[in-house]
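In what follows, a single structure is set out as structure tokens and then discussed.
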Amino acid sequence: MALIQQSDAAPQVPGGGCAQPLTLLRERGQREVFCGLTSIVWLHRRMPDAFFLVVGSRTCAHLVQSAAGVMIFAEPRFGTAILGERDLAGLADANDELDRVVEQLLERRPEIRTLFLVGSCPSEVIKLDLANAAQRLSQRHLPRVRVVSYSGSGIETTFTQGEDNALAALVPLLPHSDAESLLLVGTMADQVEDQLCRLFARLGLSGVRTLPPRRSTDLPPVGPNTRILLCQPYLSATARALQARGAQLVTAPYPLGVNGTTAWIQAAAEAFGLAASAVEPHLEAARQRGRQAVARYRDQLEGKRLFLLPDSQLEIPLARFLHQECGMVLQEVGTPYLDRLLMAAELEQLPATATISEGQHVDRQLERVRAARPDLVVCGLGLANPLEAEGMATKWSIELVFSPIQGYEQAGDLAELFARPLARRQRLHF
Ligand code: SF4
């Protein structure tokens with residue numbers, strides 16, 4: 001198959017179902033993506049006793065406010081300590097200023113149990129040592145409040161990588177345990193997590209723990225007998241930090257769609273020595289419901305050509321679901337970052353005709369979109385309306401991060417998210 005060569009070398013990656021290599025296109029250039037600060041929007045909902053304090057500029061405050069929309073009016077659990085000109089010019093001691101802001105915040109909000117100091121581009125550029133600040137502030141405020149730091153800057157992180165850094169920062173704080181346990185890693189909607197934990201309990205795997213936990217102080221134990229099962233594909237740093245604490249990574253596809261959810265649950269069951277035949281009967285009813293729900297949208301999606309632009313690292317598992325279960329034709333699957341270890345089980349299932357692109361050179365990518373004339377483009381809000389104006393149907397990718405999409409019961413809703421823009425265009429007679 002053809003090797004596409006652009007800005008960097010374009011190696012091939014194993015996969016393609018029939019052992020044919022997939023084409024991997026690596027690009028660097030202008031990007032149209034969020035920085036890691038955006039992940040605060042779902043992380044603060046997951047841990048209501050935590051507060052996320054961005055140490056950054058007014059730009060950072062504007063970004064988080066725009067991403068959070070109306071949530072900013074509801075007693076937010078995030079804010080920005082804005083670095084002023086005096087801090088940036090080195091006239092004020094930024095550490096003293098930060099300590100003062102944190103004192104004020106903790107006085108006003110006594111319910112905070114964990115305070116995340118979130119690094120940004122400005123704080124990194126002036127080399128403000130937030131790890132040191134977190135240690136100093138923790139010593140001052142423990143046992144009431146623990147202070148942790150991580151980077152969500154655009155220099156270092158893209159969108160969901162903010163969650164990866166936040167969770168990796170919690171790993172050193174997890175208590176040690178030698179007991180056998182299953183740890184689900186990555187934020188999912190509470191109701192989705194409950195459904196999946198109920199399925200695990202039916203298989204006899206009870207006492208499943210989660211990272212992040214629902215209460216920031218309820219940290220799950222970890223040790224050599226902990227198996228980690230990732231709920232989200234963008235957790236490279238967290239997975240490696242957990243492995244460094246002795247935990248075993250269960251590699252599996254991600255729980256998107258009926259096939260993904262089944263393979264994900266079976267991989268965990270197998271890691272605990274359960275035979276597939278013992279697992280199957282417990283999954284059958286939910287699997288049937290999921291298949292029927294997806295089938296409702298298959299007619300609309302089958303044969304339609306799909307182009308995914310890089311955004312969240314969810315693109316490869318989504319492409320696998322849309323190809324396998326909805327019959328869509330994959331033109332290009334863009335991802336901001338490709339972790340081959342965490343994506344191995346997904347890549348195996350992609351058709352050899354799909355091009356995977358890692359990173360972005362947005363102008364070149366848009367040229368390919370225009371040449372391919374896909375039936376549906378998955379992209380961010382910055383590109384969606386312009387592409388609609390050029391006559392292409394688009395799906396906003398950010399919705400995929402904020403909506404409950406994992407598991408059997410959500411498989412139909414997931415397919416609907418992609419069928420909806422196509423149905424709307426039909427109704428409006430484009
Ligand atoms: S962290 Fe960097 S990219 Fe993100 S909003 Fe602040 S300045 Fe912009």
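Note that this is a predicted model, so its numbers are computed, not measured. We count ligands from 1, going down the list as the structure has it; atoms in each ligand are counted the same way.
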(message) salt bridge (Lys or Arg N to Asp or Glu O under 4.0 Å), that's the test. Do Arg214 and Asp194 meet it? Break it down for me.
(response) CA-CA 12 Å; Arg214 292 187 191 186; Asp194 291 341; 2.7 Å; yes

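- Within the protein, the number of N/O/S atoms found under 2.8 Å from atom 2 (Fe) of ligand 1 is 1.
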Which atom pairs, one a donor and one an acceptor, fall under 3.5 Å between side chains of residues 100-107 and the rest of the protein, sequence neighbours left out?
unit_1: Arg100; atom_1: NH2; unit_2: Glu97; atom_2: OE1; d: 3.3

Side-chain atoms of residues 254-261: list all donor-acceptor pairs with protein atoms under 3.5 Å, sequence neighbours left out, distances to 0.1 Å.
unit_1: Tyr254; atom_1: OH; unit_2: Leu342; atom_2: O; d: 2.8
unit_1: Asn259; atom_1: ND2; unit_2: Gln324; atom_2: OE1; d: 3.1
unit_1: Thr261; atom_1: OG1; unit_2: Pro255; atom_2: O; d: 3.4
unit_1: Thr261; atom_1: OG1; unit_2: Gly257; atom_2: O; d: 2.6

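- Aromatic ring pairs are classed by plane angle as parallel below 30°, tilted from 30° to 60° and perpendicular above 60°; the pair Phe116 and Tyr150 is perpendicular.
- Under the salt bridge (charged side-chain N to carboxylate O under 4.0 Å, His left out) criterion, Asp49 pairs with no residue at all, not counting sequence neighbours.
- Side-chain atoms of Tyr234 and Thr158, non-hydrogen and from C-beta on, never get closer than 4.5 Å to each other.
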